[in-house]
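Written below as structure tokens is the structure these notes are about.
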Amino acid sequence: MAKKRIGILTGGGDVPGLNSVIKTVTYRSSEDDIEVVGLRRGWEALTHLDCDNPASRRRYIMPLDRQNTRTIDRRGGTVLHSSRTNPSNIQKLPDHLAGEDFPASLNCESGAASETWDLSQQVLNNLTTLGIDQLIAIGGDDTLGYAAKLDELGVKVVAIPKTMDNDVRNTEYCIGFSTAITRASDAIQRQRTTVASHERIGIFRVFGRDAGFTALYAAYVTSIRCLIPEFKVDLERLIRLLIEDKNANPSNYALIVVSEGAEWQGRTIQEYGPADAYGHRKKVNVAEALADEIKQRAGVETMVSDLTYDLRSGDPDFVDKLVSLTFGNIAYDAILDGKSGLMSALVNGCYELVPIPDPNLGPRKLDVATTYSTDRYRPMYANKQGLPVFLNRA
């Protein structure tokens with residue numbers, strides 16, 4: 001009788017803690033005589049793998065065991081690598097699939113019509129060929145959106161949420177968030193000396209395309225102002241508040257942290273470059289735009305610091321190690337029970353299994369009314385009694 005076989009993959013941007021999930025699933029599986037197949041480069045492993053080609057198998061398949069995962073939890077990133085591949089929206093067919101008949105669509109998002117393909121059938125074929133009985137998908141709302149589709153197609157899949165944006169629905173916490181806030185807090189506090197030495201307004205840019213969790217929580221623990229995508233501020237008022245902060249500070253400086261997707265009244269975020277497989281384009285740097293506005297309107301010098309990629313780099317902190325291990329074990333237990341379509345989560349501060357979020361609902365957003373002062377453009381500190389440890393509800 002063939003051994004049971006689990007597949008595991010990481011999709012989207014890397015965050016600290018992914019390797020802890022991979023290791024704990026592998027170790028638990030070894031105790032139950034279950035094989036674990038690492039699928040390298042996210043969903044690309046299942047769309048681009050040519051099972052008959054040894055080179056392709058080496059590129060996309062990594063058998064996991066206790067020996068090759070023994071020390072991986074000691075570092076950040078993902079030993080399986082990652083990609084932003086969307087099997088439902090492949091822009092170029094792999095060479096070995098050229099001429100095959102897959103459902104095609106016409107994509108006009110970039111201004112010029114181009115054909116894309118849905119390779120879901122190829123994903124199913126490769127899972128069957130590899131003998132994978134169940135799948136663990138670790139990712140953000142895009143990666144998990146396709147996991148939800150696979151569940152609908154009959155694949156047994158369990159999800160684990162990870163994103164430093166903390167914006168996956170149905171959970172209060174995503175792997176990578178705590179480390180991101182720790183990194184942001186350290187960087188902001190460290191750069192106070194430089195901003196103060198030059199008597200400027202320091203502007204810190206962090207990730208947060210659609211939701212402001214990273215900016216808000218970084219501001220919360222450093223006691224500074226912030227801009228979030230969920231609320232458009234009045235620019236003149238914001239500049240006035242920052243100058244008041246600067247003048248009131250004995251060291252004559254002020255600080256603000258901004259989400260990459262933040263806007264102010266009268267301004268819409270500009271985007272550039274081609275859209276990725278999930279329809280996202282790069283955003284023009286809002287921190288630089290704010291710096292220009294402050295200079296033009298108030299004649300005050302600024303200092304811009306882009307913290308984005310630094311926040312997802314390096315080793316996980318204690319919280320992300322704890323949550324990663326626990327999410328991984330909850331997902332593994334769900335697989336042992338034959339469950340599918342579920343995601344490890346924190347709900348009301350407790351570990352739970354919840355449905356994989358409906359991708360049509362989009363990312364989770366901040367509740368502005370209870371978290372953000374729309375007068376002072378900073379986090380709210382009052383009325384936190386009774387809230388879960390991360391001060392938000394799924």
Side-chain angles (χ1 to χ4, degrees), residues 9-15 39-49 59-60 77-78 80-100 102-123 137-149 162-165 167-168 176 205-212 214 229 258-263 267-290 292 304 306-313 359-363:
L9 62 83
T10 52
D14 69 293
V15 295
L39 301 170
R40 305 178 71 203
R41 301 176 175 87
W43 293 122
E44 183 182 321
L46 295 172
T47 57
H48 286 56
L49 171 66
R59 176 175 173 79
Y60 291 117
T78 167
L80 294 178
H81 305 293
S82 189
S83 74
R84 292 197 55 77
T85 303
N86 180 356
S88 296
N89 185 30
I90 297 296
Q91 298 169 355
K92 182 181 183 300
L93 287 176
D95 290 342
H96 71 284
L97 297 180
E100 298 273 347
F102 295 102
S105 302
L106 204 59
N107 186 348
C108 300
E109 288 183 0
S110 60
S114 60
E115 199 169 21
T116 63
W117 292 268
D118 182 350
L119 295 192
S120 294
Q121 186 56 54
Q122 183 66 14
V123 170
I138 314 167
D141 54 309
D142 290 330
T143 299
L144 301 190
Y146 188 74
K149 178 173 181 175
K162 68 88 205 153
T163 169
M164 57 189 288
D165 294 347
D167 61 354
V168 173
R205 176 178 177 258
V206 297
F207 278 128
R209 170 180 294 275
D210 301 296
T214 307
V258 300
S259 296
E260 63 172 319
E263 299 173 333
R267 181 180 189 271
T268 301
I269 283 286
Q270 296 175 313
E271 298 181 330
Y272 64 96
D276 66 18
Y278 292 94
H280 305 309
R281 299 174 66 204
K282 292 182 178 179
K283 294 184 181 293
V284 172
N285 192 320
V286 65
E288 296 285 359
L290 178 58
D292 291 342
V304 175
D306 194 319
L307 303 181
T308 50
Y309 287 99
D310 189 50
L311 303 190
R312 66 161 35 126
S313 304
N360 295 317
L361 297 177

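When reading the values below, keep in mind they use all heavy atoms of this one structure, side chains included, and skip hydrogens, waters and symmetry mates.
Nearest heavy atom pair, residue A287 against residue V304, reads CB-CG1, 3.7 Å. For the residue pair K162 and G11, the shortest heavy atom distance occurs at CE-O, 3.1 Å. In terms of heavy atoms, K283 sits closest to G261 at CD-CA, 4.1 Å. Pairing each heavy atom of G208 with each of P229, the nearest pair is O-CG, 3.5 Å. Nearest approach of Q122 to L49, heavy atoms of both residues: NE2-O, 4.0 Å.
Under the 4.5 Å side-chain criterion, counting only non-hydrogen atoms from C-beta, S82 is not in contact with T143. Residues S105 and T116 are in side-chain contact: their nearest non-hydrogen atoms beyond the backbone lie under 4.5 Å apart. Residues N86 and W43 are not in side-chain contact: their nearest non-hydrogen atoms beyond the backbone lie 4.5 Å or more apart. R312 places a side-chain heavy atom less than 4.5 Å from the side chain of D14. In this structure, the side chains of Y146 and S120 come closer than 4.5 Å at one or more pairs of heavy atoms. In this structure, F102 and I90 have side chains that are not in contact, with every pair of non-hydrogen atoms separated by 4.5 Å or more. Taking the side chain as every heavy atom from C-beta outward, V123 and K149 never approach each other to under 4.5 Å. Residues E100 and L93 form no side-chain contact, since every pair of their non-hydrogen atoms from C-beta on lies 4.5 Å or further apart.
Put simply, the side chain of T308 never gets that close to the backbone of F207: no donor and acceptor are under 3.5 Å apart. Put simply, the side chain of T85 never gets that close to the backbone of R41: no donor and acceptor are under 3.5 Å apart. Judged by distance alone, with hydrogens and angles left aside, the side-chain atoms of T163 form a donor-acceptor pair with the main-chain N or O of D165 at under 3.5 Å. Within the 3.5 Å criterion, the main-chain N or O of L106 finds no donor-acceptor partner in the side chain of E115.
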### Message
Could you go through V206 and M164, starting from their C-alpha distance and side-chain angles, then the distance that decides it, and tell me whether this counts as side-chain contact (heavy atoms from CB on, under 4.5 Å)?
### Response
CA-CA 10 Å; V206 297; M164 57 189 288; over 6 Å; no
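Residues R40 and H81 bring a donor and an acceptor atom of their side chains to less than 3.5 Å of each other.
Residues satisfying the salt bridge (Lys or Arg N to Asp or Glu O under 4.0 Å) test with R59, not counting sequence neighbours, are E44.
Interatomic distance, N89 CG to D118 CG, rounded to the nearest 0.5 Å: 9.0 Å. Interatomic distance, E260 CD to L307 CG, rounded to the nearest 0.5 Å: 12.5 Å. Here CG of D210 is found 6.5 Å from CG of D167. Values are rounded to the nearest 0.5 Å.
Under the 4.0 Å criterion applied to side-chain N and carboxylate O atoms, R209 and D141 are not assigned as salt-bridge partners.
In this structure, Y60 and H48 have tilted ring planes: the angle between them lies in the 30° to 60° band.
Checking V15, L80, L39 one by one against T10, the side chain to side chain contact (heavy atoms under 4.5 Å, CB included) holds for a single residue, L80.
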